[in-house]
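For reference, the structure discussed in these notes is given below.
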Amino acid sequence: MKWFNDNLSENVIVVPKRRVYKKNIVEIYGERHFLEDVYSVLNIVENLYPDYRESIIKFKETRFLYCYNMFISNAYVFLEYLDWLFSVLFLLEKNIDLDKNLGYQERVFGFLSERLFTLWLLHNSKKYKIIEMDVLTIMGAKC
């Protein structure tokens, strides 16, 4: 607890250590999920937030991902991220074919929000200090 009190300031976000891949994360997404879903969400981000264009280009070539949809921050950062995230996801919900996302793929919004979190961090990397920490997983979760 002392570490968090000493290190968690207004500009700090604590995240799980990034998972690094041999391919970019868009390609990896397409191997496990429906590729058109990730392109749909990126189009929505670009339309809602034109200042993300350069970050989206960088994101498409990124070979790492922040998994698990979890982080530690102060309330201001948390709410800023949630406002951004849900503005995107609520539009995506109206524009995605949920009938194709059955079984494991029903978690499409969780899978995409991990990618969106990585994009958001890339875009805001100059604004916030990102601290990566190990995460203990019991079952070897995949994202």
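Here, residue 1 is the first one in the sequence, and each next residue gets the next number.
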Where do F71 and F117 land on the ring pair (Phe, Tyr, Trp, His ring centres under 6.0 Å) test, with the steps shown first? CA-CA 10 Å; F71 65 97; F117 183 57; 5.0 Å; yes

Where do L65 and Y29 land on the side-chain contact (heavy atoms from CB on, under 4.5 Å) test, with the steps shown first? CA-CA 11 Å; L65 180 67; Y29 191 88; over 6 Å; no

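Of the possible polar contacts, one joining the N74 side chain to the V77 backbone as a donor-acceptor pair under 3.5 Å is found.
Side-chain atoms of V26 and F59, non-hydrogen and from C-beta on, do get closer than 4.5 Å to each other. By the 4.5 Å heavy-atom criterion applied to side chains, V12 and S73 are not counted as neighbours. A 4.5 Å side-chain heavy-atom check between L92 and L112 finds at least one atom pair inside the cut-off. Side-chain contact between V41 and R115: absent, with no pair of heavy atoms (C-beta onward) separated by less than 4.5 Å.
Hydrophobic clustering (ILVMFWY, side-chain heavy atoms < 4.5 Å, transitive): L116 and F34 are in distinct clusters. Under the 4.5 Å side-chain heavy-atom criterion for Ile, Leu, Val, Met, Phe, Trp and Tyr, L119 and I57 are members of distinct hydrophobic clusters.
Qualifying side-chain contact (heavy atoms from CB on, under 4.5 Å) partners for R18, counting only residues two or more places apart in sequence or in other chains: V20, F64, Y66, E132. Partners of L48 according to the side-chain contact (heavy atoms from CB on, under 4.5 Å) rule, which considers only residues two or more places apart in sequence or in another chain, are I44, S87, V88, L91. Applying the side-chain contact (heavy atoms from CB on, under 4.5 Å) rule to E31 yields the partners K23, I28; only residues at least two apart in sequence or on another chain are considered. Every side-chain hydrogen bond (donor to acceptor under 3.5 Å, both in side chains) that S113 has, sequence neighbours left out, goes to N69. Among residues two or more places apart in sequence or in another chain, the ring pair (Phe, Tyr, Trp, His ring centres under 6.0 Å) test is passed with Y52 by Y49, W84, H123. For Y76, there are no ring pair (Phe, Tyr, Trp, His ring centres under 6.0 Å) partners, not counting sequence neighbours. Remark: N24 pairs with E27 by the side-chain hydrogen bond (donor to acceptor under 3.5 Å, both in side chains) rule, at least two apart or across chains. Under the salt bridge (charged side-chain N to carboxylate O under 4.0 Å, His left out) criterion, E93 pairs with no residue, sequence neighbours left out. Partners of Y128 according to the side-chain hydrogen bond (donor to acceptor under 3.5 Å, both in side chains) rule, which considers only residues two or more places apart in sequence or in another chain, are E80.
With rounding to the nearest 0.5 angstrom, the CD1 atom of I13 is 4.5 Å from the CD1 atom of I130.
Taking both residues in full, the closest heavy atoms of P16 and C67 are given as CG-O, 3.5 Å, listed atom of the first, atom of the second, then distance.
For residues 46-66, the set of pairs meeting the salt bridge (Lys or Arg N to Asp or Glu O under 4.0 Å) definition, not counting sequence neighbours, comprises E46-R53. Residue pairs satisfying the salt bridge (Lys or Arg N to Asp or Glu O under 4.0 Å) criterion with at least one member in residues 66-79, sequence neighbours excluded, are absent.
Of the candidates F109, Y39, F111, F111 is the only one forming a ring pair (Phe, Tyr, Trp, His ring centres under 6.0 Å) with H33.
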